[in-house]
Amino acid sequence: MGKIALITGASSGIGKACAEIFAQNGMDIIIAARRHERLIELKSYLEKQYEVRILPIKLDVTDKNAVLESLLNLPDDWSDIEVLINNAGLSKGLEKLQDGKIENWELMIDTNIKGLLYVTKAVLPKMVEKNSGTIVNLSSIAGHETYIGGNVYCATKAAVLQLSKAMRMDVLGKNIRVISIDPGMVETEFSMVRFDQDKEKADKVYENIEPLKPEDIAKAIYFAISAPQHVTIEDMVIMPTQQASALLNIKNYNK
Ligand code: NAP
């Protein structure tokens with residue numbers, strides 16, 4: 001496409017898979033996340049493999065000042081961002097609300113809602129000015145329906161869904177597309193993060209079921225962004241075939 005994309009949360013999972021498919025298709029990419037060493041590795045792999053330019057940025061999206069400072073002061077040849085993938089996000093814990101940890105709630109709200117807003121605030125005004133751009137926000141099936149212990153995570157993803165709708169209204173007439181991607185279960189580091197690096201618990205989530213792969217979501221995102229600019233795919237709910245709702249899947253359905 002010969003365009004510049006910014007992907008937040010590119011050090012793992014869906015964000016990393018997006019970086020690969022975008023690079024395959026000739027896009028230059030700003031890859032952002034907190035784990036800088038992973039970004040450096042990804043840069044050297046993608047640049048060698050696909051002859052594209054990659055700019056790694058160590059960024060914590062919850063740090064408002066750092067987000068604005070780094071994204072408003074990009075080198076000139078990186079400042080014309082055409083595609084923003086608001087992907088950085090996490091869930092922490094699966095406790096019922098009455099047992100929940102306030103610091104986990106704050107981290108999810110700060111990352112999934114406020115972080116997405118800070119990054120958007122740094123990028124969107126330029127898109128409006130040039131009358132062109134595409135924003136992809138990573139929501140989830142958890143934004144459509146909740147489950148026991150999902151409380152605050154589900155609330156943040158419902159907020160992302162609403163923000164996508166609101167953005168579409170606010171940029172109407174500015175030739176900007178806002179796309180929501182709402183996956184079901186995808187096997188990434190998501191569950192390791194949710195369960196504080198407890199591998200046994202994380203592996204259990206994906207046991208006896210065929211979850212989505214990060215590449216499945218990346219392909220859908222590339223499909224949506226490579227549609228003609230007059231076409232907005234507003235919302236894609238993408239589920240594993242073995243999962244029918246947030247809670248109902250091949251492991252627990254009533255045969
Ligand atoms: P993942 O493998 O854990 O990747 C999450 C990414 O977000 C990592 O690159 C992480 O990088 C980054 N991140 C987290 N906090 C950050 C922060 N404060 N600042 C910058 N980057 C941050 O999980 P994933 O499944 O690919 O998740 C990607 C998105 O998809 C999330 O928004 C998630 O809610 C959503 N989603 C996932 C699933 C699923 O089942 N996996 C389903 C629906 C939606 P660093 O740790 O290096 O900063």
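Atoms within a ligand are numbered from 1 in the order they appear, just like the ligands themselves. These figures come from a predicted structure and were not determined experimentally.
- Nearest non-hydrogen protein atom to atom 5 (C) of ligand 1 is G89 O, 3.7 Å.
- Distances between N or O atoms of Y206 and those of ligand 1 include no value under 3.5 Å.
- Among all protein heavy atoms, the one lying closest to atom 31 (C) of ligand 1 is N87 O, 3.2 Å.
- Scanning all heavy atoms of the two residues, the minimum distance from V83 to M27 falls at CG2-CE, 3.8 Å.
- The nearest heavy-atom contact from the protein to atom 41 (N) of ligand 1 is V186 O, 3.0 Å.
- On a distance-only criterion, R34 and ligand 1 share at least one N/O pair closer than 3.5 Å.
- Judged by the shortest distance from any of its heavy atoms, M192 lies outside the 4.0 Å radius around the atoms of ligand 1.
- Atom 22 (C) of ligand 1 has as its closest protein heavy atom A88 CB, 3.6 Å.
- Looking at S140, G184, A218, S91, it is G184 that brings a heavy atom closest to atom 38 (C) of ligand 1.
- Considering backbone and side-chain N/O atoms, A33 never comes within less than 3.5 Å of an N/O atom of ligand 1.
- Some N or O of Y153 is nearer than 3.5 Å to an N or O of ligand 1, by distance alone.
- At least one N or O atom of V61 sits closer than 3.5 Å to an N or O atom of ligand 1.
- For ligand 1, none of its N or O atoms has an N or O atom of A32 under 3.5 Å away.
- The single protein non-hydrogen atom nearest to atom 12 (C) of ligand 1 is G9 CA, 3.5 Å, given as residue, atom name and distance.
- The protein heavy atom nearest to atom 44 (C) of ligand 1 is S139 O, 3.2 Å.
- Nearest protein heavy-atom neighbour of atom 8 (C) of ligand 1: S11 OG, 3.6 Å.
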